[in-house]
J.: 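Sharing a structure with you now.
Just so it is clear, the values below take in all heavy atoms, side chains as well, and ignore hydrogens, waters and symmetry mates. Reminder, nothing fancy here: chain letters follow the sequence lines and each chain counts from 1.
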Number of protein chains: 2
Amino acid sequence: MSRLPETGAVQRLIDTLSLSDQVQHYLLDALTSGRLRPGDRINEAELARTLGISRNPVREAVSGLAQRGFLVSAPRRGHFLRRFTRQDVDDVFSFRICVESFAIRQALPRMRRPDHDDLARLVERMIAAARAGRLAELHQADMALHRRICELSGNRQTLRAHEGIDTEVQMLIAYVDLEREPPLHSALAHLPVVEALASGDVERSVTAMQHHLETTWAFVHRMYGRTGRGEPLIDAGDVPPSQVRRIRG
Amino acid sequence: MSRLPETGAVQRLIDTLSLSDQVQHYLLDALTSGRLRPGDRINEAELARTLGISRNPVREAVSGLAQRGFLVSAPRRGHFLRRFTRQDVDDVFSFRICVESFAIRQALPRMRRPDHDDLARLVERMIAAARAGRLAELHQADMALHRRICELSGNRQTLRAHEGIDTEVQMLIAYVDLEREPPLHSALAHLPVVEALASGDVERSVTAMQHHLETTWAFVHRMYGRTGRGEPLIDAGDVPPSQVRRIRG
DNA sequence: AAACTGTCCACTGTCTGCAGTTTTAGTATT
DNA sequence: AATACTAAAACTGCAGACAGTGGACAGTTT
């Protein structure tokens, strides 16, 4: 059985992802799509059975998501989807403004004509999608736009940070299936940003982006009950159901 | 035997971390202390034997570190400690400035007298350590100071991002065992930051911090060979040794 | 009725074993 | 001697299994 020379290369294209990675994507999709809801428990064995694989890849995937902060782990009890408080919303969005502003500052001086065209196309796609009522595509192009700006910054740390934020934002808006901004409004909101970028004016671009993000922030913020900006910083939101264990009095 | 009210807290001290977590700490220490050098391969089986445990916990730990970006994984070939380029240094430090400036902006309005005292004590400890030549303690207090500011910001995203940056910085400076800044100079450099914070002036504080970080940046930057800010963004530094595989023919 | 105790079940954390791939060492060939 | 080829060794990725822990429930006691 002479192994073909290309086998290696072909393989690399086919089986690119390990089972663990596939499980992670599966879970991330479940998380960001709202199929899994905050507080939900991840049952490793059951998930393994469902996917028809052993528990090892599942464990690696789940443990990775926990380390990245998307799940909370309770030793010997399992992993749970995070709960979110109003403070989490504020933390994520304020930090997001910080990161994306920084991305613009680094990206703009490096951007060339085709890059600007890229962004413009994305906005056009958003508008078209919004008009046609294709919300999924609108949402996807939205993320792509923000991500692209971070890519253009050329700063890997920025891009990495943005990935985390992005996932978190999706989780935030997934489980309050919100009447969000009117789609078209949401699409048009990106226009000033791209135009400012095209003008080459850094400060104007940053301001435009900040304004856009603050608007989104406000929409999401409104969905979350009063959970206390002023509350103690106890990691409260994260306790799984029955961990509310009585402190005997 | 009536359980004492503190039982919960005590438990948390007693019940040992999972093996995976212990392995991760072990590896993180190896990474940041420079005991493992860039390009080094992690041999799961060997590590498991060394620690006297099975490969599963090791795999989970390694996989987690890879997902957090501290190791690079080559499918079916193993995990390797990242290599760093000059661009990595620039990315990390410019982003660090972004994050810590943001941390100051959020932290300062929330800081009270005891918080300022905390920071002041840390600087004193640094100076004392520097004078006494206790470099490890100096280094530790240094990290604690920066971390404390992020904690005081009350923003979990900021704190999380800082943890990643912090680890990366330690890896950066661990493997070029550099003749760094003179210890005392390094300690004293934090004084303006803490003083500015105490004055309550946000902009002055941010400026002081930026200046401090830029100085450190310059020191580290100097250690790294010319690898090209202008080079393509190919993830080049990360290819493990023998991946330079011959293209037959 | 409330609280405590003991038992049972489900699940996590960990271990051992196997298959397929990559790497390496050794051998043959030019 | 250097290169191409081959066979063995090593390692990763995954599967299956076991032991110990935590949670739920029922029975008992105050």
J.: Does Arg222(B) make a cation-pi contact with Tyr224(B), if we ask for NZ or CZ under 6.0 Å from the ring centre and within 45° of the axis?
T.: no

J.: When rounded to the nearest 0.5 angstrom, what is the spacing between CZ in Arg156(A) and OG1 in Thr85(B)?
T.: 5.5 Å

J.: Would you list the pairs meeting salt bridge (charged side-chain N to carboxylate O under 4.0 Å, His left out) in which at least one residue belongs to residues 46-56 of chain A, sequence neighbours left out?
T.: Glu44(A)-Arg55(A)

J.: With the sugar-phosphate defined as primed atoms, P, OP1 and OP2, and the base as all remaining atoms, what B/S/- string results for nucleotides 6-18 of chain C, 5' to 3', for protein heavy atoms under 4.0 Å?
T.: -----SBBBBB--

J.: Ignoring hydrogens and geometry, is there a side-chain-to-backbone donor-acceptor pair from Arg147(B) to His162(B) under 3.5 Å?
T.: no

J.: Using a strict threshold of under 4.0 Å (side-chain N to carboxylate O), is an ion pair present between Arg35(A) and Asp29(A)?
T.: yes

